[in-house]
A.B. asks: 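One structure, pasted below without further comment.
Lettering of chains follows the sequences in order, A, B, ..., and the numbering in each one begins at 1.
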Amino acid sequence: MEYDFKEIESKWQRRWKENGTYHVETDPSRPKYYVLDMFPYPSGAGLHVGHPLGYIASDIYSRYKRCCGFNVLHPMGYDAFGLPAEQYAIQTGQHPAVTTEQNIARYREQLDKIGFCFDWDREVRTCDPAYYKWTQWAFLKMFAHYYDNRTQQAEPIEKLVAEFEKNGTADIDAACTTKLDFTAAEWAAKSEAEKEQVLQNYRLAFRADTMVNWCPKLGTVLANDEVKDGLSVRGGYPVVQKRMKQWLLRVTAYAQRMLDGLDDLEWSESLKEIQRNWIGRSVGAQVFFDIDGSDRKLEIFTTRPDTIFGVTFMVIAPEHEWVGELTTAENEKAVEEYIEQTKKRSERERIAETKRVSGVATGSYAVNPFTGKHIPIYVSDYVLAGYGTGAIMAVPAHDSRDYAFARHFGLEIIPVVAGGDIEKESYDAKEGKMINSGFLDGKDVKEAIALMFDEVEKRGLGKRLVNYRLRDAIFSRQRYWGEPFPIRYDGDIARPLDESELPLELPAISEFKPTEQGEPPLARVEGWQYETSTMPGFAGSSAYYLRYMDPHNDKALVSKEADEYWRNVDLYVGGIEHATGHLMYSRFWNMFLYDLGYVCEAEPFRKLVNQGMIQGRSNFVYRVVGTNKFVSLGLRKEYETQEIHVDVNIVKNDILDLDAFRAWRPEFADAEFILEDGRYVCGWAIEKMSKSMYNVVNPDYIVEQYGADTLRMYEMFLGPLEQSKPWDTNGIDGVHKFLRKFWRLCFDREGNFALNDEAPTEKELKTLHKTIKKVREDIENFSFNTSVAAFMICLNELGECRKRGIVEPLTVLIAPFAPHIAEELWSLEGHTTSVCDARYPEYDEKYLVESTFEYPVSVNGKMRFKKQYPLTATAAEISADIVATDEAQKWLEGAAPKKIIVVVGKIINIVK
RNA sequence: GCGGAUAUGGUGUAAUUGGUAGCCACGUCAGACUUAGGAUCUGAUGCCGAGAGGCGUGGGGGUUCGAGUCCCUUUAUCCGCACCA
């Protein structure tokens, strides 16, 4: 019987569906394991061969865990709200709900062909009102809570109000936008609108007038992680800074906890590092500088208080609120001009021109609290309004930016740390001895920093302070295709809907552009008395992993029972591109729900694996310039040629299918070829997988040609999971050949199923157990490429072994990788259960043991590694051959091995 | 500029974590069976050399009896952050 993968695969996919094979329920009698993939955004282009990489890996792991006795939750869904569907709607008038529905159907069809073990009964879609009800619910909870720095958690806003009524802000230590100061009496005197204004300063979901990333082309604001190099991540359109009233999430309140939480997560060091950088904690001091002729004190933040003696000027950001106040009459014109000029510069220009020094003096002076010197205050855009206090103390001798500025404006440069040559450049290193610094002279930098902290606090100049680079997340988008905010307005006061009013459904509209007045599309809806912006893409994806635990519950996001059983995600597989977006927001969202007691784990994703990107491998043909003749790769040097992308699907092993090429496009219908060895060889290059490069490989095509099991194994065989690599269909034959060989193992020459019950030999058992051990270890380490290789080696070693005692465990072993073929063989053997109900095979150590082992020995004074000893060899016998090095002696000392366990000639353990 | 990662045959990769570098595949070459093969099977295949032999894990140096693996240095590529005080 031939290996008819089409027949086998459709048969088993149908059965799995009919029998609900992969349906999961909570089962307290069994240990749980939660394997999650980052759910896809269903785009119009469908899946290419790169998308399933992570899904296949997680599917193998899920099936493996299931065979190990775990109750495995492995769900899938769709991140269905988002910009592309809406952009498409604007162009075509097609409602996003319709295109999204179509795209989901297409995705599902593609996914089903690959044979995943998802529990589709738990599917979620973020655009489903029954789902986004809980996104809105979480938002309302955030609106109703603030973050108390003393209890280090979210608390009901009523607690804060009660505090205001009693003591005003006197005893408050809460996360806020700006520090407020008022008494109980002042609070009582405020109007309702004023009180709400104050509370917005503390709520975890709040509305504020802030500088935002505005993308005119997309007509919406964007969060920091949606902007890169001054361009929008989606679409690549310019982004400008603009002051607007927006909803925000106070993620900064959780900065420290999100930072601390990283330590215990099984994430890659590089991903943790990206998040640490994004949070950007820095420890420093807040210091107030007196301003000459004013009662005001200029507040700055510094991480180098040791260098205060070297401060020779101050700089404030152009957006600093005191710019007007600090500017003297004679400097007014120059300052105004400068600010006008910086406003015109886009974010992109500002980034591009970081080397250019610019600035202007305010005419005011501050006083260096340690030297007593009067120092000028400048305005310059190298100081950012958004970080620290938007003002700095400049130490040109020890900060390269201050140095460049001082050089440009001819300002004094005083070295206070010995070690550099300030004639040439600033000395930024945090090491050396202090000079020109009064009581700090002779001290080491580290020591000086500590002493200065104390001194600053003692003199009442300021205090220690921790600053974060992390910004609050802008949460509203001026778009249609997203979750509506459960907020209505009473004048300017935002009123939350009652929970019983949820979900607030997105109304149907037919025109998706912003209004003439530039308002979001929802402003077109007649009678819409709610907020007109919608929530951003990350809203729906922030808690979807919780919803999978209990997807049909209409009383709660997740029931206590389900949450306490499934707890959190044990293994999360997805791309690194979500490092500062989704993975930050999800952690914030989860910690918030944890504070409120709705979930029992503070961290949502315990272990995370980032699969690499699959790049495209493009093929080229070479047209002789001015003709319709195409010359093969090896001969192209002899002609003047033009390189043309050719569809990779009509090229095999870099050999062009000439007829297919002629049929590909009308202009090539009468193409002629200059061949080498009778074939046309194409050139190739690694590029991004995209339609325009004609290098997109569709998984459907691979499944059609080779079957899902081959696709699954080949994707794994391609290389280490976490590494980016190009897709190259060359080579898939090797994996397909292997599966055919595995299939034929069970049939005799006449094609009858022919497993026998003969007892396996020692050698065959050794091969089997070696493979079991290797494959199990590799799966645990996510080293799927080497486990596929192990299967191949196994078959090579076994030859034509048709013994049930060998083939049956191998079938179970291979099932996570190639489930269809495994199921078929399993059923032919007479098993009535599904192969996924079988226990994963254990290996028996005794089959791994050999009777001899090798040890490095000296032969004729030269080190060799050839000599074999019997297992019973004594230390004395071995030592006679060993060069008398310390290491060898140490190994022998008291180590006289009683038993040495050896795997195919290598020592794995010495039992004493 | 700062931080992280990677570098091994013609190609994708492997190496029991300091112990015979190149497993397993692709490709290539030779052979078998075939009317035929994009089927199947067998063998060869790191480089130089006729051979003995020599060289070989981006480059240079070091530790070690022994280095792809550890240390120092350097180069290239990729990724993240970037006027963050």
Side-chain angles (χ1 to χ4, degrees), chain A residues 2 228-229 268-278 280-282 284-285 300-304 307 315 317 350-351 353-357 380-384 386-395 398-402 404-405 428 467-471 576-577 579-580 612-613 617 652-655 657 684 714 717-720 722-735 737-738 740-741 744 773-774 777 783 785-796 854-858 861-866 882-888 902-908:
Chain A
E2 265 306 295
K228 197 175 142 64
D229 299 332
S268 71
E269 242 350 274
S270 62
L271 179 52
K272 286 187 190 180
E273 211 45 43
I274 290 172
Q275 291 215 341
R276 287 192 190 109
N277 286 342
W278 191 257
R281 181 182 202 263
S282 55
I300 60 97
F301 173 77
T302 180
T303 54
R304 294 293 302 273
T307 60
V315 187
R350 213 165 138 160
I351 290 165
E353 296 172 15
T354 53
K355 294 281 178 299
R356 204 179 81 189
V357 178
S380 173
D381 65 1
Y382 85 87
V383 173
L384 304 176
Y387 185 78
T389 61
I392 61 150
M393 61 175 218
V395 187
H398 304 290
D399 182 290
S400 53
R401 295 153 302 173
D402 298 345
F405 194 87
D428 295 14
N467 237 312
Y468 300 92
R469 203 182 65 89
L470 185 70
R471 298 275 78 99
I576 188 96
E577 66 272 16
T580 53
M613 279 255 280
R617 186 180 189 277
K652 185 159 178 180
N653 289 351
D654 290 339
I655 307 299
D657 180 334
W684 59 273
Y714 186 58
F717 188 65
L718 226 41
E722 308 204 48
Q723 197 174 296
S724 282
K725 58 231 163 196
W727 175 266
D728 183 358
T729 308
N730 300 345
I732 197 167
D733 282 340
V735 172
K737 239 186 262 179
F738 160 78
R740 273 209 305 261
K741 217 166 134 186
R744 277 203 311 271
K773 181 173 192 286
K774 172 83 175 142
E777 280 173 3
S783 180
N785 56 326
T786 52
S787 35
V788 175
F791 283 122
M792 294 180 178
I793 296 168
C794 180
L795 278 209
N796 287 348
E854 298 169 356
Y855 193 75
V857 297
S858 163
K862 221 179 157 190
M863 293 299 288
R864 294 282 177 211
F865 206 79
K866 281 282 185 190
I882 296 175
V883 169
T885 62
D886 287 351
E887 198 187 342
V902 176
V903 181
V904 279
K906 304 292 179 186
I907 300 169
I908 59 163

A.B. asks: Determine the interatomic distance between P on B:rA25 and the same-named atom on B:rU42; round to the nearest Å.
C.D. replies: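 My reading of the P atoms in B:rA25 and B:rU42 gives 11 Å.
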A.B. asks: Hey, is the side chain of A:Arg617 poking within less than 4.0 Å of OP1 or OP2 on B:rC26, counting only N and O atoms?
C.D. replies: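 No, because none of the side-chain N or O atoms of A:Arg617 sits under 4.0 Å from OP1 or OP2 of B:rC26.
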A.B. asks: Should A:Arg276 be listed as having a side-chain N or O under 4.0 Å from OP1 or OP2 of B:rG4?
C.D. replies: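 For A:Arg276, the contact criterion (side-chain N or O under 4.0 Å from OP1 or OP2 of B:rG4) is not met.
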A.B. asks: Has A:Asn785 got a side-chain N or O lying under 4.0 Å from the OP1 or OP2 atom of B:rA14?
C.D. replies: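 Yes, A:Asn785 has a side-chain N/O under 4.0 Å of OP1/OP2 on B:rA14.
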A.B. asks: By nearest atom, which of the nucleotides B:rC41, B:rG27, B:rA14 is closest to the A:Lys741 side chain?
C.D. replies: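 So the nucleotide nearest the side chain must be B:rC41.
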A.B. asks: Measuring from the side chain of A:Thr786 (C-beta onward, heavy atoms only), which nucleotide among B:rA85, B:rC81, B:rA15 has the closest atom?
C.D. replies: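 Among the listed nucleotides, the one closest to the side chain of A:Thr786 is B:rA15.
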A.B. asks: Go through the structure and list residues passing side chain to side chain contact (heavy atoms under 4.5 Å, CB included) with A:Asn796, not counting sequence neighbours.
C.D. replies: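 Testing A:Asn796 for side chain to side chain contact (heavy atoms under 4.5 Å, CB included), a comparison that skips the adjacent residues, returns A:Lys741.
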A.B. asks: From the options B:rG3, B:rA85, B:rA14, select the nucleotide whose nearest atom is closest to the side chain of A:Ile392.
C.D. replies: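 Looking only at side-chain atoms, A:Ile392 lies closest to B:rA85.
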A.B. asks: Could you check whether A:Asn796 gets within reach of a base, just the sugar-phosphate, or nothing at all, counting any heavy atom under 4.0 Å?
C.D. replies: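 Sugar-phosphate only.
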A.B. asks: Answer with base, sugar-phosphate or nothing: what part of the nucleic acid does A:Phe717 contact at a heavy-atom distance below 4.0 Å?
C.D. replies: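 Touches a base.
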A.B. asks: Quick one: list whatever passes side chain to side chain contact (heavy atoms under 4.5 Å, CB included) with A:Ile793, sequence neighbours left out.
C.D. replies: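 Side chain to side chain contact (heavy atoms under 4.5 Å, CB included) check on A:Ile793 returns A:Glu797.
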A.B. asks: Can you tell me which nucleotide in B:rC41, B:rC81, B:rG3 comes closest to the side chain of A:Trp278?
C.D. replies: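 That would be B:rC81.
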A.B. asks: P atom, B:rG59 versus B:rA67: distance in rounded Å?
C.D. replies: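 About 15 Å, rounded to a whole number of Å.
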A.B. asks: Check every atom of B:rG4, B:rA14, B:rA85 against the side chain of A:Tyr387 and return the nucleotide holding the closest atom.
C.D. replies: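 Closest nucleotide among those given: B:rA85.
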A.B. asks: Select base, sugar-phosphate, or nothing to describe what A:Pro726 touches, counting heavy atoms under 4.0 Å on all strands.
C.D. replies: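 Nothing, no heavy atom under 4.0 Å.
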A.B. asks: The side chain of A:Asn730 lies closest to which of these nucleotides: B:rC24, B:rC26, B:rA85?
C.D. replies: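 Comparing B:rC24, B:rC26, B:rA85 against the side chain of A:Asn730, the answer is B:rC26.
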A.B. asks: Could you give the distance separating B:rG12 and B:rU17 at their C1' atoms, to the nearest angstrom?
C.D. replies: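 After rounding to an integer number of Å, I get 23 Å for this pair.
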A.B. asks: Check every atom of B:rA14, B:rU40, B:rC24 against the side chain of A:Ala789 and return the nucleotide holding the closest atom.
C.D. replies: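 Among B:rA14, B:rU40, B:rC24, the one nearest the side chain of A:Ala789 is B:rC24.
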A.B. asks: Looking at the side chain of A:Thr303, which of B:rA39, B:rG4, B:rA85 is the nearest nucleotide?
C.D. replies: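 Output: B:rA85.
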A.B. asks: Base, sugar-phosphate, or nothing for A:Glu269, non-hydrogen atoms under 4.0 angstrom?
C.D. replies: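 If one applies the 4.0 Å heavy-atom cut-off, A:Glu269 turns out to touch nothing in the nucleic acid.
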